[in-house]
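Being a predicted model, the structure only gives us computed values, none of them experimental. Lettering follows sequence order; numbering is per chain, from 1.
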Number of protein chains: 2
Amino acid sequence: MARRGEAQVRLTRGRVLEAACALADEDGLASLTMRSLAASLGVEAMSLYHHVAGKQAVLDGLVDLVMAEIERAVAEADGPEPERDWKTAMRVRVLTAREVMLRHPWAPGLIESRGEASFSIVRYLDGVVGLMVRGGFSYGLAHRALHALESRALGFSQEMFRPGGDDDGGSLEAVADQVPNLAAMVAAAVHDQPDTRLGWCDDQAEFEFALDLILDGLDRLRGRE
Amino acid sequence: MARRGEAQVRLTRGRVLEAACALADEDGLASLTMRSLAASLGVEAMSLYHHVAGKQAVLDGLVDLVMAEIERAVAEADGPEPERDWKTAMRVRVLTAREVMLRHPWAPGLIESRGEASFSIVRYLDGVVGLMVRGGFSYGLAHRALHALESRALGFSQEMFRPGGDDDGGSLEAVADQVPNLAAMVAAAVHDQPDTRLGWCDDQAEFEFALDLILDGLDRLRGRE
DNA sequence: TCGGGGATCCTTACTTTGTACGGTAGCTTC
DNA sequence: GAAGCTACCGTACAAAGTAAGGATCCCCGA
């Protein structure tokens, strides 16, 4: 048997989590099993249990990993001071978080599925609230703003249609008579902006539109409550 | 063995799905296994496979069941004609959907987790688009509105904090020094509205606030694009 | 130098869950 | 009344998480 010592480095909680992240990035979160994770580290499944408490702990660790990456990116990004322009500061922060989320497409689903928000998320939201308060929000409005932003504060939005792989709305045509309004909408969208990036609508553009809609709405309320 | 014929009614796809819904309502979606579902019907697990294709099909059926309940509720609710007052019409529609979702707390998570939107959801969204178009929206703006509303169009919002059972923010106090802004926000929220319904903040009020924020924003854009 | 102890990793096996496969009972149809 | 179809059952297998204990290696003190 291949004992440790050859090219084999020691296992660490950190190495386990990084391997898990790499595995999820490549093959999706579904293919992340304790066995596959162990195999990717050249180790047996049960060996992982000396470094993480269980699969739950691995998933929690993954969330922490992503949130740490976001915190790092946010720290490097240079938006304006919130006191001067909270809206742009928030916009930069959210879009920075979004870039990280786009690198880890499994992260939104993982965060959603987890019931309790992990501490790393709570800490991130604390930063968001801090930004708004520095920008002139009352705590009450900041609270409502968090609810209004929902997962957008974390840089992702809940896609109700995840475009179905290869057809991208083509399946809608098959049932156009049953969903006439949607069919017309899709037709119009394709006509208006024929070169969208991600199927029949551009997620990034839509994300920013919705984000700005909410930020503008909040800005109108700020100061006059 | 208890052959069918005693008090035992015949199994149907419909009865299977209703039993699944009841089980999920009572004990949560996690406790819905093919075996527990079969047991609740007085039947063995493999018998279900003559009426549903598999567990996936059961889950899809549950989504359809909830969406049908929403369609029924929406049909009965009487909002204004969209041509006269689209905003109120939409508000009534969404809040009606929300009532159904509150009866089936597992439904949001189930809908989120499913990658592809099932046809019943697509059809519901078609109705939403139809409402907006009748209210004077271009298809382009209706499209963006769908993105902005996100899951709110279906009556739920993604709770990033699901209040953790018994403490309800009490756990925040333990780490108040690490999340000072959130801690202050919670303190202010408790002070402002001491009688909230669902923990430290009132989901219904927040949901309506965010919904109105978005609807107002959309209303401003409607007609002047 | 050497032996003990703890950390690390492996082996085996159990549990839960979904489901494939084939068997059996009862109804339907000719 | 026989054939066959349908609904249901029993058995069993695979995947995945993980409990329990054994084996190996490294470090440290004597």
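- Atom CG in L48(B) sits about 14 Å away from atom P in dG10(D), given to the nearest Å.
- Annotation: side-chain hydrogen bond (donor to acceptor under 3.5 Å, both in side chains) contacts of S120(A) (sequence neighbours excluded): D64(A), S118(A).
- Residue S47(B) places no side-chain N or O under 4.0 Å from the OP1 or OP2 atom of dA7(D).
- Across the protein-nucleic acid pair, R13(B) atom CZ and dT6(D) atom P stand 18 Å apart, rounded to whole Å.
- Note: CD (E44(B)) to P (dA12(D)) measures 15 Å, nearest angstrom.
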Below 3.5 Å between N/O atoms, which protein atoms pair up with nucleotides 17-19 of chain C? Just atom names and distances, please.
from    : atom 1 : to     : atom 2 : distance (Å)
dG18(C) : OP1    : K55(B) : NZ     : 2.4
dG18(C) : OP2    : M34(B) : N      : 2.7
dG18(C) : N7     : R35(B) : NH2    : 2.6
dG18(C) : O6     : R35(B) : NH2    : 2.8
dT19(C) : OP2    : Y49(B) : OH     : 2.9
dT19(C) : OP2    : K55(B) : N      : 2.9
dT19(C) : O5'    : Y49(B) : OH     : 3.4

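- Applying the ring pair (Phe, Tyr, Trp, His ring centres under 6.0 Å) definition to pairs two or more places apart or across chains, none involves residues 30-64 of chain A.
- Between the side chain of R152(A) and the main chain of A148(B), a donor-acceptor pair closer than 3.5 Å is present.
- In this structure, E76(A) has no side-chain contact (heavy atoms from CB on, under 4.5 Å) partners at least two apart in sequence or on a different chain.
- Listed by chain and residue number, M90(A), R93(A), Y124(A), M132(A), L146(A) satisfy the side-chain contact (heavy atoms from CB on, under 4.5 Å) test with V128(A) (two or more places apart in sequence, or in another chain).
- Nucleotide dT24(D) holds its C1' atom 12 Å from the NE2 atom of H50(A), rounded to whole Å.
- dA25(C) atom P lies 17 Å from atom CZ of R10(B), rounded to whole Å.
- Applying the salt bridge (Lys or Arg N to Asp or Glu O under 4.0 Å) test to residues at least two apart or on different chains, none of the pairs has a partner in residues 25-48 of chain B.
- In this structure, CG of L29(A) is placed 11 Å from P of dG17(D), rounded to the nearest angstrom.
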